[in-house]
Amino acid sequence: MDWSQVKTAFPHRRRKNPETQNQLMTEWGRKVKQEAGSAPRVLMEYPRPQMVRLKPAGRYEILNGWWKYAVMDSRRVPQKWDGQILVPFSPETELSCVKRQIQPNEYLWYEREIDEKELPENQRVLMHFGAVDQRCEVYLNGKRMAVHSGGYLPFTVEVTGRLKQGKNILHLCVQDVSDTSFLTRGKQKLEQGGMFYTAQSGIWQTVWLEWVPMNYVEQMWITPLYDDNMFDIRLCINGPACDRQAGICSTAKEMIELKLYEPIIELSEQADGACCFCNAGRTLLRELQVEMESVQLDAVRRECHVKILIPDKKSWTPETPWLYGLGITTGEDHLAAYAAMRCFTVEKDEEGISRLCLNHKVYFMDGVLDQGYWPESLMTPPADAAMISDIIKMKEMGFNMLRKHCKIEPDRWYYHCDRLGMLVWQDMVNGGSSYNMMKLCYLPTLIPFLFARRKDQGNKNYHKTGRGQRESRRIWNEEAHETVDLLYNHPSVAAWVLFNEGWGQFEARKACKEIKEQDATRFVDHASGWFDQKQGDMRSVHNYFRKLKVEKGERPFVISEYGGYAFKEKEHIWTEKLYGYGVYKKPEKLQQAYNDLKKQIKLLVGEGLCAAVYTQVSDIEEEVNGILTYDRAVWKIPPVHHESEKNRIMEAKK
């Protein structure tokens with residue numbers, strides 16, 4: 001992609017001066033702020049619990065903490081630095097200690113020293129970036145190692161041979177054109193307001209080093225074959241079957257060793273992941289060794305498959321989140337992972353109504369919209385415990401599903417949903433050029449029978465939804481498939497939501513078919529809100545202003561957004577501005593309105609409603625329609641029941 005064309009295709013819009021804002025902060029943010037004066041240990045938990053690399057490799061180093069930064073008007077390496085930034089918090093955030101909005105014509109430079117006392121022989125070194133928004137160039141000891149574009153997806157740079165013993169200098173050069181282009185941006189906007197929020201830039205997820213064997217498992221896909229009582233495991237191995245560089249092809253058979261460990265329900269509030277699923281002390285259920293039958297993908301990558309039978313399977317549900325342990329060994333690479341037995345299907349109930357089913361049983365998915373924003377750190381959770389708290393609080397509200405809206409979280413968030421028992425509907429992050437909100441949002445939600453019908457193919461329709469550029473459409477397709485690969489192994493992920501309210505929507509029928517071919521194990525909501533193309537596993541509507549009702553049809557019917565009632569909790573608001581869908585001035589009136597809505601939802605389940613998503617977990621900036629305040633300090637809508645979630649699950653285990 002020619003980045004210079006992206007920059008000039010859309011004129012730069014200077015952000016207006018924001019309204020006076022109260023600097024809200026969560027309890028976790030305050031702790032980070034207090035420790036910032038010393039050597040802060042920020043988000044130091046193991047970043048990838050679904051794939052833990054064990055010894056003799058298995059060494060890793062998290063690079064979060066103080067880095068140097070400078071904002072430049074060119075791509076030249078700074079001769080002088082502006083100060084220090086606390087990574088992985090974006091410069092626009094309070095916790096970064098910078099608090100500066102990066103503009104589309106500016107370059108954000110980072111510098112960090114890496115001191116390596118020893119470098120093991122016969123190992124590779126990988127540098128992982130959780131997410132850097134939007135385009136990033138990586139330099140190590142003066143050499144450019146990689147370029148990556150896409151602000152929500154992780155990427156990895158191999159630095160073997162460039163990382164040396166002793167002092168190393170890492171540089172990053174980042175540019176973020178935000179919503180002035182067609183690139184993926186989610187809810188970020190330079191001129192924030194209403195349902196769009198402060199734009200952020202640069203590193204916003206964990207950066208870490210990992211040591212791996214010369215031939216290592218680069219990626220794996222674990223598929224539960226629920227009806228066959230098996231896990232199907234596909235591995236992508238970085239390393240050829242023969243060592244061509246050395247000119248040696250061994251005659252010894254390559255073997256995969258696979259171990260299956262007893263399932264557990266892990267409810268510890270501070271479960272690290274690097275230790276919880278390393279399988280130590282767990283009962284071994286099955287063990288097998290099979291000869292590796294590889295399919296060579298290219299000169300240095302190959303794939304292989306293996307299946308393992310599950311004795312006396314225990315099914316994963318939000319009420320009983322059983323997770324099996326897996327041990328995988330290929331050559332010198334030793335991995336610990338986890339997996340779950342569950343399946344998602346569309347089946348008809350006794351009355352002939354198409355329903356969403358979990359493990360072949362009708363299961364109403366009672367969800368809440370989760371955008372994952374924090375007042376002091378925007379999209380970056382201020383702490384691992386903050387992510388856990390949101391999930392547990394929504395379970396206390398009685399919800400069993402979170403719709404992750406226009407954002408991809410760090411891997412640990414999905415891990416906590418897996419182990420705590422919370423279904424996830426995952427949005428693809430939206431992009432495209434500027435949207436006509438009157439035509440795309442306001443009229444369709446107010447008068448759907450006139451404005452909620454639109455085709456999404458052809459140049460004329462592409463321009464109406466912000467997808468006039470072919471490159472924009474290519475990027476969305478590429479990132480959508482990367483998202484599926486990224487989150488494929490998480491049993492909590494139940495559905496892929498491709499397009500939201502027409503934002504950047506195009507060729508949804510085709511996209512749905514391709515995602516289904518990539519992942520046939522989950523539901524696909526191809527058009528959440530409106531502009532339905534009669535495709536996917538569900539008919540998905542948003543309803544904020546009309547009486548809630550069920551539309552009969554062959555596909556299961558879901559209300560994928562509703563509610564959004566606004567209420568200002570004094571001393572816990574970000575601004576005096578207010579945005580929501582129905583405003584209440586007294587908490588008791590808000591509670592009553594919410595209770596009435598939930599009663600309506602309960603009645604509609606009998607008529608065929610299969611899922612519903614209340615807006616939303618917390619307030620965000622001008623939006624004050626959360627169940628919690630933005631700083632998570634106050635329940636604006638308290639739980640209606642007080643049953644301990646942990647006690648309920650423990651009782652289910654018995």
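If you read the sequence from its start, that first residue is 1, and numbering goes on from there. When reading the values below, keep in mind they use all heavy atoms of this one structure, side chains included, and skip hydrogens, waters and symmetry mates.
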Does the pair Trp221 and Asp485 meet the rule for a side-chain hydrogen bond (donor to acceptor under 3.5 Å, both in side chains), with working shown?
CA-CA 8 Å; Trp221 297 263; Asp485 276 343; 3.0 Å; yes

Could you list the residues that satisfy side-chain hydrogen bond (donor to acceptor under 3.5 Å, both in side chains) with Tyr373, not counting sequence neighbours?
none

Where at least one partner belongs to residues 322-335, residue pairs that pass salt bridge (charged side-chain N to carboxylate O under 4.0 Å, His left out), sequence neighbours excluded
Arg53-Asp333

Please enumerate all residues that pass salt bridge (Lys or Arg N to Asp or Glu O under 4.0 Å) together with Arg342, with sequence neighbours excluded.
none

For Lys598, I'd like to know if atom NZ has over 12 heavy atoms of other residues, nucleotides or ligands within 6.0 Å.
yes

Any donor-acceptor pair under 3.5 Å from Arg30 side chain to Met25 backbone
yes

Please identify each residue that fulfils side chain to side chain contact (heavy atoms under 4.5 Å, CB included) with Pro556, with sequence neighbours left out.
Val346, Ser354, Leu356, Cys610

Atom of Asp312, atom of Tyr324 and distance for their closest heavy-atom approach:
O-OH, 4.0 Å

Run the side-chain contact (heavy atoms from CB on, under 4.5 Å) check on Asp427 and Arg403 step by step: do they pass?
CA-CA 7 Å; Asp427 284 18; Arg403 179 182 166 199; 3.0 Å; yes

Give me the atom names and distance for the closest heavy-atom approach of Pro381 to Trp374.
CA-NE1, 3.6 Å

Partners meeting salt bridge (Lys or Arg N to Asp or Glu O under 4.0 Å) with Asp418 (sequence neighbours left out)
none

Is a side-chain donor or acceptor of Lys407 paired with a backbone partner of Gly186 at a separation under 3.5 angstrom?
no

Check whether any side-chain heavy atom of Asp366 sits under 4.5 Å from a side-chain heavy atom of Tyr614, and report yes or no.
no

Are the side chain of Asn489 and the backbone N or O of Met220 linked by a donor-acceptor pair below 3.5 Å?
yes

Starting from the C-alpha separation in whole Å, work towards a yes-or-no answer on side-chain contact (heavy atoms from CB on, under 4.5 Å) for Glu61 and Trp208.
CA-CA 6 Å; Glu61 179 183 352; Trp208 58 298; over 6 Å; no

So does Asp228 pair up with Lys307, basic N to acidic O under 4.0 Å?
no

Do Tyr226 side-chain atoms and Phe344 backbone N/O form a donor-acceptor pair below 3.5 Å?
no

CE on Met428 to SG on Cys406, rounded to 0.5 Å
12.0 Å

Is the shortest heavy-atom distance from the side chain of His405 to the side chain of Thr615 under 4.5 Å?
no

List the steps, then state whether side-chain hydrogen bond (donor to acceptor under 3.5 Å, both in side chains) holds for Tyr338 with Glu266.
CA-CA 12 Å; Tyr338 65 86; Glu266 173 54 71; over 6 Å; no

Are the side chains of Val558 and Phe523 in touch, meaning some heavy atoms are under 4.5 Å apart?
no

For residues Ile515 and Gln518, determine if any side-chain heavy atom of one lies less than 4.5 Å from a side-chain heavy atom of the other.
yes

Under 3.5 Å: donor-acceptor pair, side chain of His526, backbone of Gln535
yes

Do Tyr152 and Thr483 make a side-chain contact, defined as non-hydrogen atoms from C-beta onward lying under 4.5 Å apart?
no

Partner set under salt bridge (Lys or Arg N to Asp or Glu O under 4.0 Å) for Lys348, not counting sequence neighbours
Glu554

Trace of the side-chain hydrogen bond (donor to acceptor under 3.5 Å, both in side chains) decision for Glu319 with Asn400
CA-CA 8 Å; Glu319 293 73 32; Asn400 58 32; 4.8 Å; no

Measure from the ring center of Phe499 to the ring center of Trp476 and say whether it is less than 6.0 Å.
yes

Identify the heavy atoms of Trp316 and Ser492 that sit nearest to each other, and give their distance.
CH2-CA, 3.9 Å

Do side-chain atoms of Arg555 reach the backbone of Gly536 as a donor and acceptor pair under 3.5 angstrom?
no

If you count heavy atoms of other groups shown closer than 6.0 angstrom to NZ of Lys513, is the number above 12?
no

Do Ser96 side-chain atoms and Ser90 backbone N/O form a donor-acceptor pair below 3.5 Å?
yes

Check this for me, if you would: do Arg41 and Glu35 make a salt bridge, where the nitrogen-to-carboxylate-oxygen distance has to be below 4.0 angstrom?
no

Without swapping roles, check the side chain of Asn238 against the backbone of Arg301 for a donor-acceptor pair under 3.5 Å.
no

Who passes salt bridge (Lys or Arg N to Asp or Glu O under 4.0 Å) against Asp537, sequence neighbours left out?
Lys516

Could you walk me through whether Trp496 and Asp519 pass the side-chain hydrogen bond (donor to acceptor under 3.5 Å, both in side chains) test, one step at a time?
CA-CA 10 Å; Trp496 305 113; Asp519 179 11; 2.9 Å; yes

The side-chain hydrogen bond (donor to acceptor under 3.5 Å, both in side chains) partners of Tyr630 (sequence neighbours excluded) come to none

List the residues meeting side-chain hydrogen bond (donor to acceptor under 3.5 Å, both in side chains) with Asn625, not counting sequence neighbours, and say none if there are none.
Gln616, Glu623

List in chain and number order the residues that pass ring-ring contact (aromatic ring centres under 6.0 Å, His included) with His542, two or more places apart in sequence or in another chain; answer none if no residue qualifies.
Trp530

So do Ile328 and Leu258 actually touch side chain to side chain, heavy atoms under 4.5 Å?
yes

For Val424 and His490, run side-chain contact (heavy atoms from CB on, under 4.5 Å): C-alpha distance rounded to whole Å, both residues' side-chain angles, the deciding distance at 0.1 Å, then the answer.
CA-CA 9 Å; Val424 176; His490 288 287; over 6 Å; no

Are the side chains of Asp370 and Met422 in touch, meaning some heavy atoms are under 4.5 Å apart?
no

Are Lys313 and Trp322 packed together at the side-chain level, in the sense that at least one heavy-atom pair is separated by less than 4.5 angstrom?
no

Is there a donor in the side chain of Tyr197 and an acceptor in the side chain of Gln371, or the other way round, less than 3.5 Å apart?
yes

In chain order, what residues pass the side chain to side chain contact (heavy atoms under 4.5 Å, CB included) check against Ser389, with sequence neighbours excluded?
Trp28, Lys393

State which residue, out of Arg632, Lys395, Lys404, fulfils the salt bridge (charged side-chain N to carboxylate O under 4.0 Å, His left out) condition with Asp390.
Arg632

Start with the C-alpha gap between Phe364 and Ile601, add the side-chain angles, then the distance that decides, and say whether side-chain contact (heavy atoms from CB on, under 4.5 Å) holds.
CA-CA 11 Å; Phe364 180 70; Ile601 292 294; 3.7 Å; yes

Less than 3.5 Å apart, which donor and acceptor atoms pair up between the side chains of residues 283-290 and the rest of the protein, not counting sequence neighbours?
| from | atom 1 | to | atom 2 | distance (Å) |
| --- | --- | --- | --- | --- |
| Arg286 | NE | Leu309 | O | 3.3 |
| Gln289 | NE2 | Glu257 | OE1 | 3.1 |

May I ask you to decide if Val634's main-chain N or O and Thr629's side chain share a donor-acceptor pair within less than 3.5 Å?
yes

Give me the one residue out of Arg48, Arg59, Arg124 that meets side chain to side chain contact (heavy atoms under 4.5 Å, CB included) with Glu210.
Arg48

